[in-house]
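Below: the structure, in structure tokens.
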Amino acid sequence: MLDLKKIRADFPLLGTEVYGRPLVYLDNGATAQKPLCVIEKIDALHRSLNANVHRGAHYLSERCTEEYEAARETVRAFIGAESTREIVFTAGATAAINTVAYSFGERWIGPGDNVVITEMEHHSNIVPWQLICERKGAQLRVVPFNDRGELYYDRFAELIDDKTRIVAVTQASNVLGTMPQLQRIIGLAHGRGVPVLVDGCQGIVHGGVDVAALGCDFYAFSGHKLYGPTGIGVLYGREEWLEQMPPFLGGGDMVATVTFEKTTYAELPLKFEAGTSNFIGAIGLAEAIRYLQRLDPREVAQHERLLLDYATQKLSAIEGLRIYGLAPRKCSIVSFTVEGTHPLDLGMILDKLGIAVRTGTHCAEPVMTHFGVTAMCRASFALYNTTSEIDALTEGVERAVRMLR
């Protein structure tokens with residue numbers, strides 16, 4: 001089993017007190033805390049190696065460029081991509097998905113075509129596709145889920161046709177925790193010659209990914225949910241797709257030659273990295289990945305499953321509490337409401353008890369609409385959380401309910 005005492009010592013913020021109480025941080029689905037090695041790496045870069053990459057002949061620039069490209073290789077190996085040409089650094093998963101929606105969409109989506117997504121997607125995997133469909137006169141098709149949070153897989157076969165240009169699906173719902181059967185979905189799509197984008201924001205944290213084994217065409221994730229810095233994300237794209245896609249943004253570093261008559265573009269992946277890159281973030285993300293690689297992934301998965309099962313059991317015992325998302329394939333996220341209370345009120349009282357949870361729509365408003373609610377509370381667990389913190393959450397919810405009722 002994981003050495004939780006040692007792991008928690010690696011994350012300085014977990015020792016914080018809130019309103020005179022020990023912090024219980026259960027908002028990891030929004031952003032995870034950073035281990036000390038990441039904090040120190042970022043600090044050291046700012047102190048001793050801060051210089052723009054790719055564009056300087058001086059020592060600092062060359063050294064920083066080496067670390068930046070080494071970070072790209074770290075990411076490549078971590079997700080199982082074949083080449084660093086397939087690893088594009090972005091501002092986050094939202095930027096990565098928008099890059100595909102715009103660039104792929106400009107090249108291949110036209111009037112009468114369609115894009116298939118699911119009802120459980122984060123807004124970042126809905127709105128970009130709506131925008132391209134509106135611009136191009138295409139249709140957005142949605143695969144629904146049942147009240148347990150399980151997708152109706154037979155609907156993929158019904159909705160994917162010869163006018164479908166791409167399928168976009170989450171690896172793990174940020175509200176329900178559901179982890180769809182991606183290989184089944186990808187198999188159905190590829191059987192019709194349709195590429196698949198996977199939103200891996202939650203999934204890469206809870207179980208990781210091997211993009212080659214998975215067979216997806218695009219994969220997006222963000223650094224700050226993976227114990228890394230904010231403002232950095234990754235877009236994996238199969239080289240054959242990225243080669244054909246036009247650039248999303250224009251500017252410095254993504255060009256080969258520029259004249260007023262014609263601009264030619266840089267080789268992959270720089271074609272999609274316009275402007276000054278977040279090299280500090282990329283190098284910090286690589287440090288977070290190295291931290292995770294020092295842990296046994298089986299032990300992490302076992303621990304997170306224990307937390308999920310324990311939280312589900314404890315919270316389910318509270319009268320009037322409903323948990324949303326009961327699929328058997330689920331990551332360590334528990335979203336809930338309590339009859340007779342509002343999630344925001346619950347969250348505010350829990351905060352005063354030192355317990356940080358998420359409240360609201362969680363950038364997944366169609367999920368709220370499905371269940372007929374306007375908001376939910378969400379407790380999302382990371383590798384450093386404990387069962388005693390779940391006890392504190394349970395006691396806090398019970399206390400808040402007594403106050404509010």
Side-chain angles (χ1 to χ4, degrees), residues 42 45 49-108 128 195 197-198 200 211-212 216-223 226 228-289:
I42 293 170
L45 289 167
L49 205 63
N50 182 45
N52 213 332
V53 297
H54 297 151
R55 306 174 197 184
H58 58 84
Y59 173 82
L60 290 181
S61 179
E62 290 180 351
R63 282 288 313 282
C64 210
T65 298
E66 289 171 3
E67 289 223 29
Y68 180 68
E69 293 303 331
R72 198 187 305 276
E73 168 58 24
T74 298
V75 172
R76 182 211 64 77
F78 184 62
I79 68 170
E82 291 186 3
S83 168
T84 53
R85 289 169 59 85
E86 300 179 321
I87 304 299
V88 178
F89 285 121
T90 68
T94 298
I97 296 171
N98 273 272
T99 296
V100 177
Y102 182 89
S103 183
F104 179 95
E106 287 296 314
R107 176 70 172 78
W108 281 289
L197 175 142
V198 175
V211 292
C216 61
D217 301 273
F218 303 98
Y219 187 90
F221 69 95
S222 54
L226 197 64
T230 56
I232 188 70
V234 171
L235 168 62
Y236 157 79
R238 288 183 184 271
E239 189 170 339
E240 55 265 36
W241 286 116
L242 295 181
E243 282 283 13
Q244 299 177 72
M245 289 161 54
F248 176 40
L249 298 174
D253 215 26
M254 51 76 67
V255 294
T257 62
V258 178
T259 69
F260 288 116
E261 290 73 33
K262 176 70 175 176
T263 292
T264 59
Y265 306 122
E267 293 291 318
L268 292 176
L270 298 185
K271 182 173 79 170
F272 292 99
E273 294 183 6
T276 298
S277 61
N278 182 3
F279 52 88
I280 299 289
I283 297 167
L285 172 58
E287 188 67 29
I289 289 171

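- Contact annotation: the side chain of V211 approaches that of C216 to within less than 4.5 Å [non-hydrogen atoms, C-beta and beyond].
- I280 contributes atom CD1, which lies 10.5 Å from atom CD1 of I232 (distance to the nearest 0.5 angstrom).
- Residues V75 and I289 have side chains in contact (heavy-atom distance under 4.5 Å, counting atoms from C-beta outward).
- Panel note: side chain N98, backbone P128; no donor-acceptor pair is recorded below 3.5 Å.
- Of the residues listed (R238, R85, R107), the one engaging E243 in a salt bridge (charged side-chain N to carboxylate O under 4.0 Å, His left out) is R85, and it is the only one.
- The OG atom of S103 lies 8.5 Å from the CZ atom of F248; values are rounded to the nearest 0.5 Å.
- A 4.5 Å side-chain heavy-atom check between L285 and V234 finds at least one atom pair inside the cut-off.
- Between W241 and W108, the ring planes lie perpendicular to each other; the angle is over 60°, past the 30° to 60° tilted range.
- E73 contributes no side-chain N or O that, together with a main-chain N or O of E69, makes up a donor-acceptor pair within less than 3.5 Å.
- The shortest side-chain heavy-atom distance between F89 and Y68 falls under the 4.5 Å cut-off.
- Shortest non-hydrogen contact noted between A212 and G80 is CB-O, 3.5 Å.
- Within 6.0 Å of atom CD in E239, more than 12 heavy atoms from other residues, nucleotides or ligands are found, so the atom counts as buried in its surroundings.
- No side-chain heavy atom of L268 sits under 4.5 Å from any side-chain heavy atom of E86.
- In this structure the side chain of L60 never reaches within 4.5 angstrom of the side chain of N50, judged on heavy atoms.
- No donor-acceptor distance shorter than 3.5 angstrom exists from the side chain of T84 to the backbone of R72, with no hydrogens or angles considered.
- Between R55 and T276 the shortest heavy-atom distance is NH2-N, 3.5 Å.
- Within the 4.5 Å cutoff, no side-chain heavy atoms of L197 are placed close to those of D217.
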* Verdict with reasoning, T99 to F272, per side-chain contact (heavy atoms from CB on, under 4.5 Å) -> CA-CA 8 Å; T99 296; F272 292 99; 4.0 Å; yes
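- Annotation: side chain of L226 is in contact with side chain of F221 (closest heavy-atom distance under 4.5 Å).
- Under a 3.5 Å cut-off, the side chain of K271 and the backbone N or O of P246 do not form any donor-acceptor pair.
- Shown here for A220 and A93, the closest heavy-atom pair between the two residues is CB-O, 4.2 Å.
- Side chain of T264 to backbone of T257: a donor-acceptor contact under 3.5 angstrom is found.
- A distance-only check finds no donor-acceptor pair linking the side chain of S277 to the backbone of E273 [under 3.5 Å].
- Residue L45 holds its CG atom at 9.0 Å from CD of E287, rounded to the nearest 0.5 Å.
- Heavy-atom minimum distance, F104 versus M245: N-CE, 3.8 Å.
- Atom CD of residue E67 and atom CG of residue L49 lie 5.5 Å apart, to the nearest 0.5 angstrom.
- Taking every heavy atom of both residues into account, I87 and A81 meet most closely at CD1-CB, 3.9 Å.
- Side chain to side chain, N52 and S61 fail the donor-acceptor criterion of an N or O pair below 3.5 Å.
- Looking at every heavy atom in both residues, A266 comes nearest to L270 through CB-CB, 4.0 Å.
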